[in-house]
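Encoded as structure tokens, the structure appears first; notes follow it.
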Amino acid sequence: MRLPRVLRRQAGEVLIREGCYISELSNSEADPGLSIAQARVPPGATTEWHYLSATDERYLILEGEGVVEIEGLQPTTVRHGDVVLIPAGSRQRITNSSRRADLLFLALCTPAFRHENYCSAEAGATS
């Protein structure tokens with residue numbers, strides 16, 4: 001049986017190879033079914049094409065405006081309050097379409113994100 005608890009923010013913001021800044025908010029063995037990270041994409045930036053194996057992902061847009069590209073979906077503009085559903089194995093990337101403000105969103109992964117499930121899908125990339 002799981003016990004109630006409060007999980008504290010795990011780390012500060014770091015720039016990841018994907019091309020955005022990530023703050024791990026929750027990714028713990030205490031809650032293996034879900035991880036939560038805050039992502040920040042600088043103005044005009046686009047993350048690399050990638051996919052997550054064995055992990056569904058959702059983006060909850062908090063601030064800014066962007067264009068999300070996901071395998072099987074036309075490029076779509078996203079704004080505050082939008083939720084983007086990304087099935088496991090779907091090639092994806094997101095662009096901050098603003099030239100002035102950051103794009104800020106939560107990335108919610110089920111089950112919890114594991115680094116070994118991240119796969120680069122850029123031409124010529126080796127994960």
Side-chain angles (χ1 to χ4, degrees):
M1 180 174 129
R2 292 200 183 127
L3 300 174
R5 57 175 50 172
V6 173
L7 302 174
R8 303 289 180 195
R9 179 182 212 131
Q10 294 183 329
E13 185 180 73
V14 295
L15 176 62
I16 62 171
R17 76 175 195 184
E18 182 181 320
C20 65
Y21 294 86
I22 294 288
S23 296
E24 284 281 354
L25 303 179
S26 177
N27 192 343
S28 166
E29 291 303 318
D31 188 15
L34 170 72
S35 64
I36 305 169
Q38 181 175 284
R40 182 174 63 83
V41 182
T46 300
T47 62
E48 78 170 355
W49 280 110
H50 67 283
Y51 64 92
L52 300 181
S53 65
T55 307
D56 291 326
E57 190 170 19
R58 294 146 199 89
Y59 292 168
L60 171 57
I61 308 301
L62 300 175
E63 295 178 12
E65 183 174 296
V67 176
V68 67
E69 297 173 85
I70 305 169
E71 184 176 358
L73 179 71
Q74 292 295 317
T76 304
T77 298
V78 292
R79 298 176 183 89
H80 173 79
D82 290 342
V83 175
V84 180
L85 305 177
I86 308 166
S90 298
R91 191 169 172 258
Q92 60 169 296
R93 70 179 180 179
I94 192 165
T95 299
N96 181 346
S97 53
S98 172
R99 296 291 176 201
R100 293 183 210 107
D102 288 336
L103 173 63
L104 191 66
F105 60 94
L106 295 180
L108 300 107
C109 293
T110 54
F113 176 82
R114 298 288 172 251
H115 292 282
E116 59 269 18
N117 292 348
Y118 182 92
C119 303
S120 177
E122 290 286 332
T126 57
S127 294

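Note that these values count all heavy atoms, side chains included, but never hydrogens, waters or copies made by symmetry. Sequential numbering from 1 along the given sequence is applied to the chain's residues.
A side-chain contact (heavy atoms from CB on, under 4.5 Å) with Ile86 is found for exactly one of Arg58, Arg91, Gln92, namely Gln92. When the options Val67, Val68, Thr95 are evaluated for a side-chain contact (heavy atoms from CB on, under 4.5 Å) with Thr77, the one that passes is Val67.
Using a 4.5 Å cut-off on side-chain heavy atoms (C-beta onward), Leu104 and Gln38 make contact. Side-chain contact between Leu106 and Ile61: absent, with no pair of heavy atoms (C-beta onward) separated by less than 4.5 Å. Put simply, the side chain of Thr46 reaches to within 4.5 Å of the side chain of Arg93, judged on heavy atoms. Ser23 places a side-chain heavy atom less than 4.5 Å from the side chain of Glu13.
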Report task. Please lay out, stage by stage, how Glu48 and Arg17 fare under the test salt bridge (Lys or Arg N to Asp or Glu O under 4.0 Å). Result -> CA-CA 8 Å; Glu48 78 170 355; Arg17 76 175 195 184; 3.8 Å; yes
Report task. For side-chain contact (heavy atoms from CB on, under 4.5 Å), just list the numbers for Phe105 and Ile94, CA-CA rounded to whole Å, side-chain angles, deciding distance to a tenth of an Å, and then say yes or no. Result -> CA-CA 11 Å; Phe105 60 94; Ile94 192 165; 4.2 Å; yes
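With rounding to the nearest 0.5 Å, the separation of CD1 in Ile36 from OG1 in Thr110 is 11.0 Å. To the nearest 0.5 Å, atom CG of residue Leu7 and atom CD of residue Glu24 are 12.0 Å apart. Taken to the nearest 0.5 Å, the CD atom of Glu57 stands 9.0 Å off from the CD1 atom of Ile70. From Cys109, atom SG reaches atom CG of Leu52 across 5.5 Å, with rounding to the nearest 0.5 Å.
Partners of Pro111 according to the side chain to side chain contact (heavy atoms under 4.5 Å, CB included) rule, which considers only residues two or more places apart in sequence or in another chain, do not exist here. Shown here are the side-chain hydrogen bond (donor to acceptor under 3.5 Å, both in side chains) partners of Glu71, two or more places apart in sequence or in another chain: there are none. Annotation: side-chain hydrogen bond (donor to acceptor under 3.5 Å, both in side chains) contacts of Arg114 (sequence neighbours excluded): Asn27, Glu29.
Taking the six-membered ring where the residue is Trp, Phe113 and Tyr118 present perpendicular rings, their angle passing 60° and hence far from 30°.
Ser90 places a side-chain N or O within 3.5 Å of a backbone atom of Pro87 that can act as its donor or acceptor partner. Remark: side-chain polar atoms of Asp56 are paired, donor with acceptor, to backbone N or O of Ala88 under 3.5 angstrom. The backbone N or O of Ser35 sits nowhere less than 3.5 Å from a side-chain atom of Ser26 that would complete a donor-acceptor pair. With hydrogens and angles ignored, the 3.5 Å screen pairs a side-chain donor or acceptor of Asp82 with a backbone N or O of Arg79. Under the 3.5 Å distance criterion, the side-chain polar atoms of Ser98 are left unmatched by any main-chain donor or acceptor of Asn96. In this structure a side-chain-to-backbone donor-acceptor pair under 3.5 Å is present from His80 to Leu62.
Pairing each heavy atom of Gly19 with each of Pro42, the nearest pair is O-CD, 4.3 Å.
A cation-pi arrangement is present between Arg40 and Tyr21 under the rule of less than 6.0 angstrom and at most 45 degrees off the ring axis.
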